[in-house]
Structure formats: structure tokens, C-alpha cells
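All ligand and atom numbering here is 1-based and tracks the order in the structure. The shown structure was predicted, so the numbers you read here are calculated from the model rather than taken from an experiment.
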Amino acid sequence: MSIKLSHTESVQNFFKEVSGLTNDQGSPRMKALVNRILMDSIRIIEDMEVTTEEFWKAVDYLNRMGARSEAGLLVAGLGLEHYLDLLLDAKDEAAGLLGGTPRTIEGPLYVAGAPMSEGEARMDDGTDPGTPMYLHGRVVDVYGKPVAGAVVDLWHANTKGTYSYFDSSQSEFNLRRRIVTDADGRYRARSIVPSGYGCPPDGTTQEVLNLLGRHGNRPAHIHFFISAPGYRHLTTQINLAGDEYLWDDFAYATREGLIGDVTFIESEAAARDHGFQGQRF
Ligand code: MBD
Ligand code: FE
């Protein structure tokens, strides 16, 4: 027979003491959040009849996850980061803010401060013998008017699916650039076609995914932050069409409207047909 201790006044009062609700120090917001987390935690322990063994396993998991800095990866894999986007979408819709490129998650692998250039950039350091990729686009407002001087901050993985800074074999800011749009709102990048990301197989996120019977793969993709004075910041991605994980993304980041076709060009004539004659950058 189980005793629903959380429903006794004494336990509830104990947790109010723990979270400091009975003193007048500290942050009221923090106290309210910690109190709620503790209340909900004891509910889970009781309702799910969590054993002490399971409890200490969870504590150990948090220690190991933190030691590997995988908290950001776990919240992506559990769909919590995607949930935040759905919440923002709902708020925008309620406020009548419609149109534009859909947002999607940032993920845990952004690094601020990438090299900045005007109009165009070469993103790869030339050491990865990948397929050259020419990426170009135009930043426009919701009415279709070009936005000059917008900062397009983009980052993506190499042909092994790994990111600079998180893969020590890559050079500083490899495959990470900030490009300022020209008078027509346009930007152009030369890079290499990325491969999809996979969670580290020996990591704590994959450990949970395995226990859920799930893989930890993302389709090949390119991340974007788009910002300009007077406009809201956009976090988005292009996910590459044809990837086997396009609609089976462990982080739920693929969305309708965020799929990019990759056109593989095999000859100089075909390159000219696509307007790629004399690309120098
Ligand atoms: C990634 O490259 C990524 O984009 C996300 C969302 C999660 C893990 C790795
Ligand atoms: Fe990514």
C-alpha cells in the first residue's frame, strides 16, 4: 500500500521551507520555480513509484551529462527545444504575426563571433575534400521587400557531420560565417555539402535514446540566424532534401518550408546554366 505523502500538509510545508518561500530573501521568481519543480518531482516519485535506486541513477546521469556538456543535446532529442518553437508560433499566431520563413531550433552547436564579410564568404578552410556547395539567398521582409544590411549568421557540419569547436580536428570557425546582405538583400556563400549529424554513440544523450528505442540522427542541414535593425531575430535551418533522416530527425527540427533542394552539377556547361560561371570566392 502506498502513502500519498505529497498530499499531506507537512510534506508540502517542508518543500516550501526548502525553496525559501517562507523567507523574504532571494529571487521570488526563482523561489516559485524551484518550489514548483520540487512539488512536481515528489509527485513523479510517488505516482511512478520511483525507487531509491532509480533516484540515484538519475542523479548520476545528471553528473555524467553535465561532465560531457550534453544538456543542450538532450533537450533537443527529447523534443523540448522544438516545443519552445511551437509555443512561439502559437504566440505569434495569437498576435496576428503571420508569414515569413518558419523558425526552427538553434540546437546546441552555435558559436558566436564568426568572421563577418559583406555579400559573400567562403566558409570552408579547404581541408575537407567535400563536394563544393554554392549557397545563395535573399533576405526579404514579410511583404517581399529586400532587407539590405541584414546579418546572415550561418553554420553547418562538415562531411563527417561534425562542427568546428565541438570537433577539435577542425580549424577555428570552420563552416561558420556572418555575411551582411547587399543592397538587394542578397548573400552568397561557397562551402562544402554537409553530412547529417549523429549524437556521440558513447554519450549520455544516445544512452537515453537507446533506452527509448530511438536513433540520434539529424538530416544534413544548414543553420541560420538572420538579424537586422528593426526586425525580430530569426533562427532557422535549411534541411537538405533527399536525406534519409529528413522526416525522421531526432531533434524534430525539419519543418514544412525549410527543405532545400541540392542540385548536383557535374559539368561546366551545367554550372553555366545555373549561373555559376566564374565563381571566385
Ligand atoms: C545538431 O547539429 C543540431 O542541429 C541539433 C538541433 C541538435 C544536435 C546537433
Ligand atoms: Fe546542426
Side-chain angles (χ1 to χ4, degrees), residues 64-89 101-114 123-124 128 130-131 133 135 137 152-179 189 191-210 212 214-226 233-260 262:
R64 291 186 294 108
M65 177 191 71
R68 292 185 58 113
S69 302
E70 283 202 24
L73 198 54
L74 184 68
V75 295
L78 293 179
L80 285 169
E81 193 175 358
H82 176 56
Y83 157 78
L84 295 179
D85 282 341
L86 298 179
L87 198 61
L88 289 171
D89 288 353
T101 300
R103 62 166 59 83
T104 195
I105 65 174
E106 171 181 334
L109 306 175
Y110 175 70
V111 175
M123 299 182 67
D124 65 301
D128 191 330
T131 305
M133 175 175 74
L135 177 75
V152 178
D153 191 340
L154 59 165
W155 71 102
H156 66 82
N158 65 6
T159 57
K160 295 188 175 73
T162 61
Y163 288 78
S164 59
Y165 288 87
F166 301 90
D167 164 9
S168 56
S169 78
Q170 291 184 50
S171 60
E172 253 194 15
F173 289 114
N174 189 37
L175 311 178
R176 301 175 185 275
R177 290 293 183 274
R178 284 178 291 172
I179 306 172
S191 198
I192 51 170
V193 178
S195 291
Y197 172 91
C199 288
D202 59 342
T204 52
T205 302
Q206 191 57 56
E207 180 182 328
V208 164
L209 294 173
N210 288 343
L212 298 176
R214 294 180 47 197
H215 68 73
N217 299 304
R218 294 216 54 218
H221 60 280
I222 299 149
H223 294 268
F224 292 81
F225 282 166
I226 317 275
H233 176 102
L234 174 67
T235 301
T236 192
Q237 303 178 11
I238 293 175
N239 288 271
L240 302 191
D243 192 296
E244 65 173 306
Y245 295 109
L246 185 67
W247 292 112
D248 189 20
D249 177 359
F250 97 101
Y252 312 97
T254 308
R255 306 187 78 173
E256 220 58 76
L258 298 182
I259 298 158
V262 194

Enquirer: Closer than 2.8 Å to the Fe ion (ligand 2), what protein N/O/S atoms do you find?
Expert: Tyr163 OH, His221 NE2, His223 NE2
Enquirer: Starting from the N and O atoms of ligand 1, find every protein N or O within less than 3.5 Å and list the pair with its distance.
Expert:
unit_1: ligand 1; atom_1: 2 (O); unit_2: Tyr163; atom_2: OH; d: 2.9
unit_1: ligand 1; atom_1: 2 (O); unit_2: His221; atom_2: NE2; d: 3.3
unit_1: ligand 1; atom_1: 4 (O); unit_2: Arg218; atom_2: NH1; d: 2.8
unit_1: ligand 1; atom_1: 4 (O); unit_2: His221; atom_2: NE2; d: 3.1
unit_1: ligand 1; atom_1: 4 (O); unit_2: His223; atom_2: NE2; d: 2.8

Enquirer: At their closest point, which heavy atom of His82 faces which heavy atom of Arg255, and how far apart are they?
Expert: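 Closest approach of His82 to Arg255, heavy atoms only: CE1-NE, 4.2 Å.
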Enquirer: Would you say the side chain of Ser191 lies within less than 4.5 Å of the side chain of Leu175, judging by non-hydrogen atoms?
Expert: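 Sidechains of Ser191 and Leu175: in contact.
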Enquirer: Quick one: does Met65's side chain get under 4.5 Å of Glu207's, heavy atoms only?
Expert: no
Enquirer: Is any side-chain heavy atom of Arg176 closer than 4.5 Å to a side-chain heavy atom of Gln170?
Expert: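 No; the side chains remain at least 4.5 Å from each other.
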Enquirer: Below 30° counts as parallel, above 60° as perpendicular, anything between as tilted: where do the rings of Tyr110 and Phe225 land?
Expert: tilted
Enquirer: Ignoring hydrogens and angles, tell me if any N or O in the side chain of Ser164 forms a donor-acceptor pair with the backbone of Glu172 under 3.5 Å.
Expert: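 Side chain of Ser164 to backbone of Glu172: no pair is present.
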Enquirer: Which atoms form the tightest heavy-atom contact between Leu246 and Thr254, and what is the distance?
Expert: O-OG1, 2.6 Å
Enquirer: What are the two closest heavy atoms between Tyr252 and Leu78, and how far apart are they?
Expert: CE1-C, 4.3 Å
Enquirer: Report yes if some heavy atom in the side chain of Gln237 is under 4.5 Å from a heavy atom in the side chain of Ile105; otherwise report no.
Expert: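 Gln237 reaches Ile105 side chain to side chain.
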